[in-house]
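Data block below; observations after.
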Amino acid sequence: MGHNADAAVPPGRRFGEEGGRLSYGAYLRIPELLAQQRPQSEAPDELLFITIHQVYELWFKLLLHELEKARDAMDGGELWQARHQFRRVHAVERVLVQQVEVLETMTPQDFLAFRAHLSPASGFQSVQFRELEFLSGLKDTGYLARLRDADEAELARLRRRLDEPTLWDAYLTALSQRGLPVSDDEIMGSLLAVARDRRSYDDLWQLAEDLLTHDETAAQWRTRHVQMVERQIGTKSGTGGSTGAPYLRGRTRLHYFPLLWELRAWL
Ligand code: HEM
Ligand SMILES: N[C@@H](CC(=O)c1ccccc1NC=O)C(=O)O
């Protein structure tokens, strides 16, 4: 058994090495990535805290990319394409909920060993998290004021998200492309028509279910996050200046697509 697995491949023809320069670390920018964890303290769990947040932000970046594609596909009437993106979105969102467990292995005592170093930073300032909310349809401009230290590029991204169509806007476009009226007065009737005539509208029904799952998984994350918060800081207020758990509990009741939930009562 030799290690020369590519002995049969002519030199210089190995896939991905056409330029002869690419390697794992260079392609994935591993040295750059691994240089981004800079604890503010000597506390042993601060590396965990930084790593987990960075992992979240990477997934947020991918989710924004996939959700934009889903929105544009709905807008263009390519419902199968939107559903394909949503399958990936849901899988990533389940990972986001699951990985709360990793940070929960930290004890509150170990968190307190570096918590004071974090203030006044907090999850309030996650620009991508707010972008996800805006893109999903929860456009609350009040959060722009809470983003201390956001740079011009980040503010511009958020303003763009406020101006651009949401997932819900794109779903309404998809409904109207099929001849269903979407005015405020008529929309519930159209959603009911879709639900009741699966033979004609199954693709629109399935897509609404995909939107609902996205909404539901976001709510699961909020619930999981506040459980972790209660476990870590109890009734203390947050480093970002909110009441902490009470503020976050209030946000677990939010819905991106309230009409899809209301629909259930009318079926
Ligand atoms: C020890 C773990 C954590 C604690 C104690 C905690 C605590 C808090 C608190 C108290 C808030 C309210 C804002 C404030 O006043 O500070 C908040 C908001 C937030 N946190 Fe965390 N957090 C933790 C971990 C995480 C993680 C891993 C993420 C992942 C990105 C995250 C993302 C967020 C986001 C996005 C918000 C804003 C939520 C909203 O406005 O609805 N947090 N967190
Ligand atoms: N807001 C948290 C601190 C915290 O969790 C945090 C601090 C800085 C950057 C991200 C954070 N994560 C979520 O809020 C607290 O009050 O303990």
Side-chain angles (χ1 to χ4, degrees), residues 36-41 43-64 67 89 92-151 154-155 157-158 161-162 214-256 258:
Q36 305 308 314
Q37 296 72 41
R38 306 265 175 86
Q40 300 289 306
S41 72
D45 283 3
E46 198 182 347
L47 181 63
L48 166 72
F49 190 82
I50 293 172
T51 304
I52 199 113
H53 281 84
Q54 290 183 339
V55 168
Y56 270 108
E57 290 288 337
L58 285 174
W59 284 127
F60 289 166
K61 181 172 178 177
L62 184 73
L63 283 181
L64 284 165
L67 287 170
V89 164
V92 171
E93 288 176 330
R94 283 191 291 270
V95 170
L96 297 188
V97 175
Q98 272 296 169
Q99 72 185 24
V100 168
E101 183 183 331
V102 179
L103 190 51
E104 269 191 341
T105 62
M106 178 172 72
T107 65
Q109 303 90 306
D110 288 341
F111 182 41
L112 287 173
F114 63 92
R115 183 175 183 240
H117 291 270
L118 305 178
S119 185
S122 97
F124 267 157
Q125 296 157 335
S126 170
V127 172
Q128 293 199 107
F129 180 84
R130 220 50 81 184
E131 280 187 81
L132 283 166
E133 288 194 341
F134 290 176
L135 177 56
S136 298
L138 213 61
K139 289 183 176 177
D140 185 340
T141 52
Y143 282 106
L144 295 184
R146 307 195 93 132
L147 290 168
R148 54 183 122 205
D149 293 341
D151 63 29
E154 289 176 321
L155 287 173
R157 255 162 48 209
L158 284 165
R161 297 286 180 201
L162 285 174
H214 169 52
D215 197 338
E216 189 175 71
T217 328
Q220 281 168 0
W221 183 84
R222 290 193 195 99
T223 299
R224 215 46 204 92
H225 174 255
V226 70
Q227 286 171 335
M228 167 174 62
V229 171
E230 285 172 342
R231 195 172 175 133
Q232 294 293 341
I233 62 170
T235 56
K236 292 185 177 109
S237 55
T239 51
S242 82
T243 56
Y247 159 77
L248 293 166
R249 276 272 168 229
R251 290 189 58 85
T252 59
R253 282 179 283 281
L254 290 177
H255 280 145
Y256 291 147

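Counting begins at 1 with the first residue of the sequence. First listed ligand is number 1; within each ligand, the first listed atom is number 1.
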If hydrogens are left out, which of Ala121, Pro120, Pro108 has an atom nearest to atom 7 (C) of ligand 2, that is, the closest non-hydrogen atom?
Ala121
Just how far is it from atom [atom1] of [X] to atom [atom2] of [Y], taken to the nearest 0.5 Å?
{"X": "Arg161", "Y": "Leu158", "atom1": "CZ", "atom2": "CG", "value": "8.5 Å"}
{"X": "Ile52", "Y": "Asp45", "atom1": "CD1", "atom2": "CG", "value": "11.5 Å"}
{"X": "Gln232", "Y": "Leu112", "atom1": "CD", "atom2": "CG", "value": "8.5 Å"}
{"X": "Tyr256", "Y": "Leu132", "atom1": "OH", "atom2": "CG", "value": "6.5 Å"}
{"X": "Gln125", "Y": "Tyr143", "atom1": "CD", "atom2": "OH", "value": "13.0 Å"}

For ligand 2, which atoms, with element, lie under 4.0 Å from some heavy atom of [X]?
{"X": "Gly123", "answer": "10 (C), 11 (C), 12 (N), 13 (C), 14 (O)"}
{"X": "Phe111", "answer": "17 (O)"}
{"X": "Gly238", "answer": "16 (O)"}

Can you find an N or O of Ser237 that's nearer than 3.5 Å to an N or O of ligand 2?
no
Indicate yes or no: does an N/O atom of His225 lie under 3.5 Å from an N/O atom of ligand 2?
no
For [atom], what is the nearest protein heavy atom, given as residue, atom name and distance?
{"atom": "atom 5 (O) of ligand 2", "answer": "Phe49 CZ, 3.5 Å"}
{"atom": "atom 17 (O) of ligand 2", "answer": "Arg115 NE, 2.6 Å"}
{"atom": "atom 1 (N) of ligand 2", "answer": "Thr239 OG1, 2.9 Å"}

Pair Arg249 + Glu230, salt bridge at N-O below 4.0 Å:
yes
Answer yes or no: does atom CZ of Arg222 have more than 12 heavy-atom neighbours from other residues, nucleotides or ligands under 6.0 Å?
yes
Would you say Glu104 has more than 12 foreign heavy atoms packed within less than 6.0 Å of its CD?
yes
Parallel, tilted or perpendicular: which fits the ring planes of Tyr56 and Trp221, with parallel below 30° and perpendicular above 60°?
perpendicular
Quick one: look at His53 and ligand 2, take heavy-atom pairs under 4.0 Å, and tell me if it's side chain, backbone, both or neither.
side chain
Record the part of Gln125 in heavy-atom contact with ligand 2 below 4.0 Å; permitted values are side chain, backbone, both and neither.
neither
Taking every non-hydrogen atom, the tightest pair across Leu138 and Arg251
CD2-NH2, 4.2 Å
Between the side chains of Thr51 and Gln37, is a donor N or O closer than 3.5 angstrom to an acceptor N or O?
no
Using a cut-off of under 3.5 Å, which N/O atoms of ligand 1 pair up with protein N/O atoms, and what distance separates each pair?
unit_1: ligand 1; atom_1: 15 (O); unit_2: Gly240; atom_2: N; d: 3.4
unit_1: ligand 1; atom_1: 15 (O); unit_2: Gly241; atom_2: N; d: 3.4
unit_1: ligand 1; atom_1: 15 (O); unit_2: Ser242; atom_2: N; d: 2.9
unit_1: ligand 1; atom_1: 15 (O); unit_2: Ser242; atom_2: OG; d: 2.7
unit_1: ligand 1; atom_1: 16 (O); unit_2: Ser122; atom_2: OG; d: 3.4
unit_1: ligand 1; atom_1: 16 (O); unit_2: Thr239; atom_2: N; d: 3.3
unit_1: ligand 1; atom_1: 16 (O); unit_2: Gly240; atom_2: N; d: 2.8
unit_1: ligand 1; atom_1: 20 (N); unit_2: His225; atom_2: NE2; d: 3.0
unit_1: ligand 1; atom_1: 22 (N); unit_2: His225; atom_2: NE2; d: 3.0
unit_1: ligand 1; atom_1: 40 (O); unit_2: Arg130; atom_2: NH1; d: 3.4
unit_1: ligand 1; atom_1: 40 (O); unit_2: Arg130; atom_2: NH2; d: 2.8
unit_1: ligand 1; atom_1: 40 (O); unit_2: Tyr247; atom_2: OH; d: 2.6
unit_1: ligand 1; atom_1: 41 (O); unit_2: Arg251; atom_2: NE; d: 2.5
unit_1: ligand 1; atom_1: 42 (N); unit_2: His225; atom_2: NE2; d: 2.9
unit_1: ligand 1; atom_1: 43 (N); unit_2: His225; atom_2: NE2; d: 3.1

